[in-house]
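Quick note: numbers below take in every heavy atom, side chains included, and nothing from hydrogens, waters or symmetry partners. Below, chain A is the first sequence line, B the second, and so on; all start at residue 1. Note that the coordinates shown come from a computational prediction; the quantities given were computed from them, not determined experimentally.
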Protein chains: 2
Amino acid sequence: MPKETFFHLPEDKRNLICQVALDEFATHSFDRASINRIVARAGIAKGSFYQYFENKQDLFRYLLQLIAEEKRNYLAPVLHNPERHDFFTLLRELYRAGIQFAVEHRKYAEIGRRLLASKGTPIYAQVVDEGMPQAYDLFKGLLEKAIARGEVRADIDVEMVVYLIAALNTLLLEYYTEHVTWDYDERMFDTVDRFIDFLKHGLKANESGGVSP
Amino acid sequence: MPKETFFHLPEDKRNLICQVALDEFATHSFDRASINRIVARAGIAKGSFYQYFENKQDLFRYLLQLIAEEKRNYLAPVLHNPERHDFFTLLRELYRAGIQFAVEHRKYAEIGRRLLASKGTPIYAQVVDEGMPQAYDLFKGLLEKAIARGEVRADIDVEMVVYLIAALNTLLLEYYTEHVTWDYDERMFDTVDRFIDFLKHGLKANESGGVSP
DNA sequence: ATAGAATGTGACCCAATGGTCATGTGACCG
DNA sequence: CGGTCACATGACCATTGGGTCACATTCTAT
């Protein structure tokens, strides 16, 4: 985490450094992100950078923290009282909130995506091990309750489905932003609904000859 | 692609260089893979390396070609006569073959995974743009035929489902190798079947109160 | 005004990398 | 045997990066 000196800086200078760094990490993998470029763009001396942050990873962790905090603002309302929704509606809201966060914080989303994709690199091992179990536990808890309430089939492999639901979260965002749009509008609701429909009913044609659901 | 000199080498020397390079690219991202390490481990002079390959990317592309050729051996039998299977059985076979390839060629699988995950890096843009449309077109063709034959719901968003089916291919492998095992045995059939079941029927509990399918 | 603390500076350090190039070696041929 | 060609060699080059450090400047308190 940043040193005291960083927090002594005027706010606009702090923001500038963070914005420049966010740009850099959103544009390049961790390995290719360059402190030389960051300091040049932020207009600070390189030595000063090390007065604010321990090292490159320290900066990166700080940014990840900012990102996580902001994302929490989007997810918290949905998770405020999960019992008020059935499982699929809750999932729909979680996915929707995730997309809203991403389209309103594009750089944050890209940094998160790069981080997840960096599995098998040193930075992943050093930074990621914590946040994942929480997300898994959340989905698992929700799924088990939904099974108990009869909303979700009881004959599924819970671990596998938890894994899928979490992964589909990422997939949905990627599909929407790469194949549909970066706008937060009707199409987003459309796309999320189609994903949820797929999750509910699968692909198989109904054998009675009618349309599935 | 490699220079003539590479193919003049004794076969065992060629194989050694390839094996060492495969190790390197399976262990590190493209950016972190080091030619210095490769030549040291292969016991060749660095200058010699550049007599065999144009540069790092040339070597990488050559390895990718080897990988693609080997993978084709696993997929070709399944795709030999797709009409003999219904859509879900065909998909099951494709997924199964993909896992078999991966567990029998672990390094190849890891290199492929790293490459796909490297979206947003220079190497991805330079190497990947071709292979993807083919895979998409394949899945799309199969899906459209399945819809026409009444095996798959006609009310789905084809583009989206093609995207999902392709992505689930990767997810299935990741889930199996990280959460189940690297062995090619009963559990693999089990896991694939559960994935296919999910694809067919989704998660929603059957409203008539019985078990879904 | 002055001293000390806090902060700013950028040249430098060291390591590592991909790639080059002048030279060396060995096989082959006439 | 000498010349030529194909290949091998590893020191070198240029660049880049993360991080350091001796010095400079600014701020604050007395």
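Legend: residues meeting salt bridge (Lys or Arg N to Asp or Glu O under 4.0 Å) with A:D12, ordered by chain and number and at least two apart, are absent. With sequence neighbours left out, A:E151 forms a salt bridge (Lys or Arg N to Asp or Glu O under 4.0 Å) with A:R149. Taking the salt bridge (Lys or Arg N to Asp or Glu O under 4.0 Å) definition, one finds that A:K107 meets it with A:D23, sequence neighbours left out. With sequence neighbours excluded, the residues satisfying side-chain hydrogen bond (donor to acceptor under 3.5 Å, both in side chains) with B:R41 are B:E24. Remark: B:T181 pairs with B:D183 by the side-chain hydrogen bond (donor to acceptor under 3.5 Å, both in side chains) rule, at least two apart or across chains. Listed by chain and residue number, A:E93, A:Q100, A:Y184 satisfy the side-chain hydrogen bond (donor to acceptor under 3.5 Å, both in side chains) test with A:R96 (two or more places apart in sequence, or in another chain). Considering only residues two or more places apart in sequence or on other chains, B:Y163 meets the side-chain hydrogen bond (donor to acceptor under 3.5 Å, both in side chains) condition with A:E174.
Within residues 3-24 of chain B, the residues that have a heavy atom under 4.0 Å from DNA chain D are, in order of number, B:T5, B:H8, B:L9, B:K13.
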Would you list the protein and nucleotides 17-20 of chain C atom pairs, both N or O, that sit under 3.5 Å from each other?
| residue | atom | partner | partner atom | Å |
| --- | --- | --- | --- | --- |
| C:dG18 | OP1 | B:A33 | O | 3.0 |
| C:dG18 | OP1 | B:I35 | N | 3.3 |
| C:dG18 | OP1 | B:K56 | NZ | 3.2 |
| C:dG18 | OP2 | B:I35 | N | 3.1 |
| C:dG18 | N7 | B:K46 | NZ | 2.7 |
| C:dG19 | OP2 | B:Y50 | OH | 3.3 |
| C:dG19 | OP2 | B:K56 | N | 3.0 |
| C:dG19 | N7 | B:K46 | NZ | 3.0 |
| C:dG19 | O6 | B:K46 | NZ | 3.1 |

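Nucleic acid contact for B:F53: none, since no nucleic acid atom lies under 4.0 Å from a heavy atom of the residue.
Aromatic rings from B:Y62 and B:F6 are positioned such that their centres are separated by under 6.0 Å.
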Check: residues 66-80 of chain A side-chain donor-acceptor pairs under 3.5 Å, at least two apart:
| residue | atom | partner | partner atom | Å |
| --- | --- | --- | --- | --- |
| A:E70 | OE2 | A:H105 | NE2 | 3.3 |
| A:Y74 | OH | A:E104 | OE1 | 2.7 |
| A:Y74 | OH | A:H105 | NE2 | 3.3 |

Atom pairs and distances, side-chain donor-acceptor, residues 42-55 of chain A, under 3.5 Å, sequence neighbours left out:
| residue | atom | partner | partner atom | Å |
| --- | --- | --- | --- | --- |
| A:K46 | NZ | A:N36 | OD1 | 2.7 |
| A:N55 | OD1 | A:Q57 | N | 3.2 |
| A:N55 | OD1 | A:D58 | N | 2.9 |

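Counting 5' to 3', DNA chain D first comes under 4.0 angstrom of a heavy atom of chain A and last does so at the ends given by D:dG17 to D:dC21.
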